[in-house]
J.: 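The structure is given below, and queries will be raised subsequently.
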2 protein chains.
Amino acid sequence: MTTLKLDEFLPYRLSIASNRVSAAVASTYQALFGLKIPEWRLIAVIAEGEGATQQALGVATRMDKVTVSRAAATLVERGLVERRPNLGDQRSHLLILTATGRALYEDVAPKALELEAQVFAGFSPQEIATFAAMLERIEASAAPFDSERG
Amino acid sequence: MTTLKLDEFLPYRLSIASNRVSAAVASTYQALFGLKIPEWRLIAVIAEGEGATQQALGVATRMDKVTVSRAAATLVERGLVERRPNLGDQRSHLLILTATGRALYEDVAPKALELEAQVFAGFSPQEIATFAAMLERIEASAAPFDSERG
DNA sequence: GCTATATGGTTACAGATGAAACCAGTTGGA
DNA sequence: TCCAACTGGTTTCATCTGTAACCATATAGC
């Protein structure tokens, strides 16, 4: 007879920890900037590069194209992001930050890093690196299931 | 000017890893046993003890009382769980596994452990312990935000 | 004892999310 | 060059999840 203590079941622990952190992050962004997580992720990725299509953003943020579509629409609506025609493929556009969007990003980014620092306050740089590497391994070994879902 | 690479932002990495693992777990439970994650969690906790109220289950599984209520209703409906009167407080019941529920649990538990083993295949026991401890620390330092949400 | 407040649980409602259907534009092959 | 299959993106629909309102029972203060 097998027994399983939920408290010691790692997928459960992982989920709880992740949900707490996500809740912390989400409520901070929401309260300070009126941004949802998908919107914030788009801004972060757009800020890194020079004009991305929604399809590219989906890949970069691992979000569904529907989620990307909605978040992008909201950002355009708010005047934080602008659509430029994508020469060479008229089905898509290139999304770039407006001046306002860029300014917001400059406000959000430090807050995000601050929050991250708070959550990992007790961690040494070495531990953080270890943790990040472990996440990557987990992600990789759980990835196959993702495709199975179809 | 602050820049932030989303890929290196730990709350993001954590969320991605957790979502992948959850997706793997969820689709396995669903496919093999027709169970959703909240239902499975209830079964696991009920199996550990001897009759729990929904309120206790909510605490043990960190799930909302609404989620617990719905999952419990489904399990009772399916004949996996039974409600016993709670002497001393008639507002609540004690939930216990039926024979069928117990049998299902005996089937699910090994599969769950197997899946966990697959996801953490590359990890040494030492690494697993380290990882679990880190999750606990993260959970603790992100917890304060939970109450902030109200 | 009786009323006010608190607590366990359910129901109703609203927001978030993803799968599937859909539309527009693109590409490869007859 | 024309049509079939494909791809980027949006819309529709079903599902999940949580907040708020609610009902029933319990408990504390008078």
Side-chain angles (χ1 to χ4, degrees), chain A residues 15-16 18-20 22-27 29-30 34-42 46 51-77 81 83-95 145-150, chain B residues 15-16 18-20 22-27 29-31 34-42 51-77 81 83-95 145-150:
Chain A
S15 165
I16 298 296
S18 171
N19 287 345
R20 289 232 174 134
S22 287
V25 170
S27 70
Y29 291 168
Q30 185 61 252
L35 288 177
K36 293 174 195 156
I37 285 188
E39 290 157 17
W40 151 246
R41 286 184 182 172
L42 288 198
I46 295 174
T53 63
Q54 292 187 187
Q55 120 78 15
L57 292 172
V59 172
T61 60
R62 271 92 154 178
M63 296 192 302
D64 193 83
K65 67 178 181 171
V66 177
T67 306
V68 172
S69 172
R70 288 195 265 243
T74 303
L75 294 175
V76 170
E77 178 85 13
V81 161
R83 293 187 212 260
R84 292 272 175 82
N86 180 6
L87 291 308
D89 191 338
Q90 313 224 60
R91 289 170 304 181
S92 57
H93 293 260
L94 295 178
L95 304 188
F145 295 94
D146 250 358
S147 38
E148 245 179 47
R149 274 188 301 168
Chain B
S15 164
I16 298 297
S18 171
N19 287 345
R20 289 229 175 137
S22 287
V25 170
S27 71
Y29 292 169
Q30 185 60 253
L35 288 176
K36 293 172 196 157
I37 285 189
E39 291 157 16
W40 152 246
R41 286 183 182 171
L42 287 198
T53 63
Q54 290 187 189
Q55 119 78 16
L57 291 171
V59 173
T61 60
R62 270 91 152 180
M63 296 191 302
D64 192 84
K65 66 179 181 171
V66 178
T67 305
V68 172
S69 171
R70 288 194 266 244
T74 304
L75 294 176
V76 169
E77 178 86 13
V81 161
R83 292 188 214 259
R84 292 271 175 82
N86 180 6
L87 289 309
D89 193 338
Q90 313 225 60
R91 289 170 302 182
S92 59
H93 293 261
L94 296 178
L95 305 189
F145 294 94
D146 250 356
S147 39
E148 244 180 49
R149 274 189 301 167

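Just so it is clear, the model here is predicted, and its values are computed rather than measured.
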J.: Atom NE2 of B:H93 to atom C1' of C:dG9: distance rounded to whole Å?
T.: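 Roughly 9 Å, once rounded to whole Å.
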
J.: Looking only at side-chain N and O atoms, does B:T67 come under 4.0 Å of OP1 or OP2 in D:dT17?
T.: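 Indeed not, no polar side-chain atom of B:T67 lies that close.
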
J.: Considering residues at least two apart in sequence or located in another chain, which fulfil the side-chain contact (heavy atoms from CB on, under 4.5 Å) criterion with A:A60?
T.: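 Counting only residues at least two positions away or on another chain, A:A60 forms a side-chain contact (heavy atoms from CB on, under 4.5 Å) with A:V45.
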
J.: Does B:T53 put a side-chain nitrogen or oxygen below 4.0 Å from OP1 or OP2 of C:dG8?
T.: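 False: B:T53 side-chain N/O out of range (4.0 Å or more) of C:dG8 OP1/OP2.
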
J.: Would you mind reading off the distance between B:L42 atom CG and C:dG9 atom P, rounded to a whole angstrom?
T.: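 Answer to the nearest Å: 12 Å.
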
J.: Within the sub-3.5 Å range, which N or O atoms of nucleotides 23-25 of chain C have a protein N or O partner, and how far apart are they?
T.:
unit_1: C:dG25; atom_1: N2; unit_2: A:R91; atom_2: NH1; d: 3.0

J.: A:R83: which residues meet the salt bridge (charged side-chain N to carboxylate O under 4.0 Å, His left out) condition with it, sequence neighbours left out?
T.: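 Listed in chain order: nothing, the list is empty.
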
J.: For C:dG9, does the base pair up with any side-chain atom of B:R83 as donor and acceptor (N or O, under 3.5 Å, distance only)?
T.: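 Such a pair does not exist between side chain and base.
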
J.: May I have the distance from B:Q54 (atom CD) to D:dC23 (atom P), rounded to whole angstrom?
T.: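 One finds 19 Å between P of D:dC23 and CD of B:Q54, rounded.
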
J.: List for me each residue that meets side-chain contact (heavy atoms from CB on, under 4.5 Å) alongside B:T74, sequence neighbours excluded, and say none if there are none.
T.: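 Per chain and number, B:T74 pairs via side-chain contact (heavy atoms from CB on, under 4.5 Å) with B:E39.
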
J.: Going by the rule side-chain contact (heavy atoms from CB on, under 4.5 Å), which residues pair with A:A52 if we only count those two or more places apart in sequence or in a different chain?
T.: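 Per chain and number, A:A52 pairs via side-chain contact (heavy atoms from CB on, under 4.5 Å) with A:A56, A:L57.
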
J.: Output the rounded distance in Å from CG (A:L75) to P (D:dT10).
T.: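 My rounded result for the distance is 12 Å.
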
J.: In terms of side-chain heavy atoms, does A:R62 have a donor or acceptor partner in B:S15 at a distance below 3.5 Å?
T.: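 Absent: no donor and acceptor within the cut-off.
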
J.: Just jot down the salt bridge (charged side-chain N to carboxylate O under 4.0 Å, His left out) partners of A:D64, sequence neighbours excluded, or say none.
T.: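 If we apply the salt bridge (charged side-chain N to carboxylate O under 4.0 Å, His left out) test to A:D64, skipping adjacent residues, there are no hits.
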
J.: Between C:dC13, D:dT12, D:dG9, which nucleotide has the shortest distance from any of its atoms to the side chain of A:R70?
T.: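 Of all the options, the side chain of A:R70 is nearest to D:dT12.
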
J.: Once side chain to side chain donor-acceptor pair (under 3.5 Å) is applied, what residue pairs with a partner in residues 84-95 of chain B remain, sequence neighbours excluded?
T.: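 Passing the test, one end in residues 84-95 of chain B: B:E82-B:R84, B:N86-B:S92, B:D89-B:R91.
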
J.: Taking only residues two or more places apart in sequence, or in another chain, which ones meet B:Q55 in a side-chain contact (heavy atoms from CB on, under 4.5 Å)?
T.: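 side-chain contact (heavy atoms from CB on, under 4.5 Å) list for B:Q55, sorted by chain: B:T53, B:V59.
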
J.: In whole angstrom, what separates A:N19's CG from C:dA16's C1'?
T.: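 Rounding to the nearest Å, CG of A:N19 and C1' of C:dA16 are 14 Å apart.
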
J.: Starting at the 5' end of DNA chain D and moving along, which residue's nearest nucleotide shows up first, A:V66 or B:P38?
T.: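 It is A:V66, whose closest nucleotide lies nearer the 5' terminus.
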
J.: Please report the shortest heavy-atom distance between A:A26 and A:I37, naming the atom on each side.
T.: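 It is CB-CD1, 3.9 Å.
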
J.: May I ask you to list the residues of residues 55-65 of chain B, by number, that have any heavy atom positioned under 4.0 Å from an atom of DNA chain C?
T.: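 Result for residues 55-65 of chain B: B:Q55, B:K65, sorted by number.
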
